[in-house]
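See structure below.
First the proteins, then the strands, lettered A, B, ... as listed; each starts at 1. Excluded from the calculations below are hydrogen atoms, water molecules and symmetry mates; all remaining heavy atoms, backbone and side chain alike, are included.
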There are 2 protein chains.
Amino acid sequence: MKKVSLKVIARELGVSAATVSLVLNGKNKNGRVSEEMSKKIIDKAAELNYIPNSLAKGLKMGHSKSIGLIVADISNVFFGTLALHIQNYAESEGYTVIIGNTNEKLAQMEKIIFFLNSRQVDGLIITPAEGSDELIQSILEIKKPLVLVDRGFPDLDVSSVLINNYEICFRATKQLIDQGYKNSAFIGYKQNQFHTNERKRGFVEAMKEAALFTPDQVKEVSYQSLEEDMDEVISQLLKCAQKVEAIFFATNTISMAGVKSLLKRGVLIQKDIQVMCFDETDAINLFPFRVPFIKQPIEEMARKALELLIEQIEKKEVKNHKLFLEAELIS
Amino acid sequence: MKKVSLKVIARELGVSAATVSLVLNGKNKNGRVSEEMSKKIIDKAAELNYIPNSLAKGLKMGHSKSIGLIVADISNVFFGTLALHIQNYAESEGYTVIIGNTNEKLAQMEKIIFFLNSRQVDGLIITPAEGSDELIQSILEIKKPLVLVDRGFPDLDVSSVLINNYEICFRATKQLIDQGYKNSAFIGYKQNQFHTNERKRGFVEAMKEAALFTPDQVKEVSYQSLEEDMDEVISQLLKCAQKVEAIFFATNTISMAGVKSLLKRGVLIQKDIQVMCFDETDAINLFPFRVPFIKQPIEEMARKALELLIEQIEKKEVKNHKLFLEAELIS
DNA sequence: AATTTTTAATTAATCGTTTAACTTACTATT
DNA sequence: AATAGTAAGTTAAACGATTAATTAAAAATT
């Protein structure tokens with residue numbers, strides 16, 4: 001069973017490969033190829049089950065009609081959902097998506113970028129790992145179309161689709177305060193990324209404004225030992241002299257681990273302690289009552305990121321926009 | 001900033017592109033290229049930040065060193081985890097993975113296969129959608145390396161990595177019976193796929209063996225309207241004359257929806273009703289007590305699927321194995 | 001000194017497509 | 001009858017990399 005190329009179709013019909021290419025790409029304008037031959041070619045292609053070789057096409061055309069999506073971990077439901085929407089939208093625009101996982105490692109991210117570039121992706125959508133600003137800078141330098149999503153670098157002039165982390169966390173905290181939860185804690189990752197810092201800042205500023213802030217309200221857990229750290233932090237909070245009334249979890253994975261740790265100790269959510277989660281997770285969906293959470297517009301993030309990227313790719317100019325989409329406070 | 005190709009490196013050093021290719025691919029055995037020139041070439045490649053064009057390489061070599069992974073929905077954590085492991089293992093073998101979502105639609109699956117083939121993937125790993133046996137057959141006919149995972153077609157002679165669905169469900173049901181839950185229900189999807197039928201059969205046979213089976217113990221929900229159907233089914237079960245003592249959920253998404261629906265009605269899991277879940281989900285991880293579930297060896301499935309695929313690709317012969325891995329009953 | 005062997009490269013074809021430029025045979029116009 | 005115009009193709013180079021076959025010079029062997 002030989003591979004079916006343009007040449008094979010051409011030979012079978014006694015025409016040149018060029019003619020076949022013209023017809024199959026709909027470029028037989030102003031009398032390039034006769035109606036009759038066009039039909040023959042189209043029929044023969046279907047008969048032989050012709051599949052165009054996009055490696056050859058990409059090589060010739062200088063673009064691959066594919067984009068790279070780099071996330072931390074595709075098994076995390078936030079990234080999975082983002083990927084799903086990006087793929088769906090990309091497909092409708094004629095692009096394929098190749099996904100890479102960094103596992104939050106800089107070295108891994110570097111490897112993936114090389115890999116994707118060698119595969120000639122036309123552009124990249126990245127949720128950058130901590131400390132990857134120089135790497136991002138180097139992508140900008142080779143003028144490869146690029147959009148950051150979810151996380152950005154304020155100092156870098158690069159297209160980004162972000163959310164209003166500070167403001168939404170400020171509002172969420174304020175709401176807790178207004179509802180009477182005076183002594184709250186905030187649990188975030190032990191890292192130094194702009195977007196998570198902003199979330200923390202939202203919490204801190206709201207507490208300060210109400211003159212309720214003390215530094216020990218902010219706790220950190222590490223990505224690698226999430227469950228253990230969480231158990232430690234939660235038990236610290238529970239045996240505090242001044243009773244903790246609410247806990248603000250800074251990400252979806254933290255929310256999950258946090259709620260789990262609370263339940264393990266027999267703490268009743270909303271009765272003993274109120275929680276505020278970032279992202280809608282199964283953890284809070286299961287309760288027979290509403291648990292307040294911050295909902296990110298994931299689908300819109302995906303769409304905007306792709307729009308910005310395709311604009312860069314097709315207009316060939318790197319115009320940088322930073323978009324701040326609005327997250328929603330659901331309670 | 002011109003693109004850096006082999007030719008560019010060659011020109012800068014006054015040698016031919018062939019020499020550069022030889023060196024950069026480590027093929028300068030038995031005195032093809034001098035040590036001196038080798039070093040120069042390697043240094044220059046690094047200096048110019050050379051990135052090989054894998055479209056060109058793939059075109060020439062006849063393989064792309066990439067594989068296609070087709071799943072139902074990458075935002076589903078089961079598929080996300082599968083994808084993560086497949087990617088990790090593929091990477092260590094020098095392959096890229098391109099993921100496609102079928103959304104359980106046959107037409108979509110057909111489109112994706114065409115797409116991936118045009119991108120010259122060297123092989124495919126597929127979780128086939130319902131009714132896709134003919135489509136799978138057509139892939140076999142063009143002798144494209146192929147491995148099915150999670151779901152298989154018993155009548156098709158195709159490499160597959162599956163689990164012992166019947167046996168593990170039989171055992172799980174038997175365990176429920178042994179623990180005293182005499183009147184159980186089984187909730188699965190309204191579809192006709194071999195792997196889910198096997199799960200149902202496991203339940204039914206175990207109940208029959210204990211002379212506890214009645215046909216109305218088996219309920220069905222549809223994928224498209226899961227939550228509504230689940231609420232309907234659960235309320236049916238709750239107002240049954242004969243009290244339902246345990247519910248067996250046939251997949252991870254069903255488990256999630258089922259537990260949620262029960263909690264919404266104030267039913268206490270394990271106190272009022274025992275549950276048995278397929279897959280470990282957040283739904284059951286959150287309880288402060290152990291909820292029994294069936295654990296699939298996802299990482300091993302990923303590894304075996306890739307092993308079988310790469311074997312096919314590299315040995316060029318399509319030797320079909322059907323692997324049945326063992327799921328584990330955790331309680 | 002003549003011949004063989006080894007070393008260090010180069011040449012040229014090829015993978016499958018695309019497309020600008022060209023050709024050839026008709027038809028229409030003056 | 002000579003010229004222009006159109007219809008329906010073909011030719012050939014190019015994209016970037018690989019590799020079998022070849023070449024040319026230097027070193028080793030007789």
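Computed from C1' positions of five pairs at each end, the angle between the two local axes of the helix from C/dA1-D/dT30 to C/dT30-D/dA1 equals 60°, rounded to 10 degrees.
Inspection of the A/Ser66 and A/Arg119 side chains reveals no N or O donor paired with an N or O acceptor under 3.5 Å. Judged by distance alone, the side chains of A/Gln120 and B/Ser54 never bring a donor and an acceptor atom under 3.5 Å apart. B/Asn101 and A/Gln87 share a donor-acceptor pair across their side chains, judged by distance under 3.5 Å alone. Between the side chains of A/Asn53 and A/Ser5, no donor N or O sits under 3.5 Å from an acceptor N or O.
Near-neighbour residues of DNA chain C inside residues 35-49 of chain A, defined by a heavy atom below 4.0 Å, are absent. If you check residues 56-65 of chain B against DNA chain D, the residues with a heavy atom closer than 4.0 Å are B/Ala56, B/Lys57, B/Lys60, B/Met61, listed by number. For the segment residues 13-26 of chain B, the set of residues with a heavy atom within less than 4.0 Å of an atom of DNA chain D comprises B/Ala18, B/Ser21, B/Leu22, B/Asn25, in numerical order.
Atom P of nucleotide C/dG16 and atom CG of B/Asn53 are separated by 16 Å, given to the nearest angstrom. Per the geometry, CZ belonging to A/Arg11 stands 12 Å off P belonging to C/dT17, to the nearest Å.
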Counting only pairs under 3.5 Å, give me each side-chain donor-acceptor contact of residues 299-310 of chain A, with atom names and distances, residues two or more places apart or in other chains.
none

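Partners of B/Glu91 according to the side chain to side chain donor-acceptor pair (under 3.5 Å) rule, which considers only residues two or more places apart in sequence or in another chain, are A/Gln108, A/Lys111.
Between B/Tyr50 and D/dA17, a side-chain N or O to OP1/OP2 separation shorter than 4.0 Å is present.
Side-chain contact check for B/Val161 versus B/Leu325: some heavy-atom pair is nearer than 4.5 Å.
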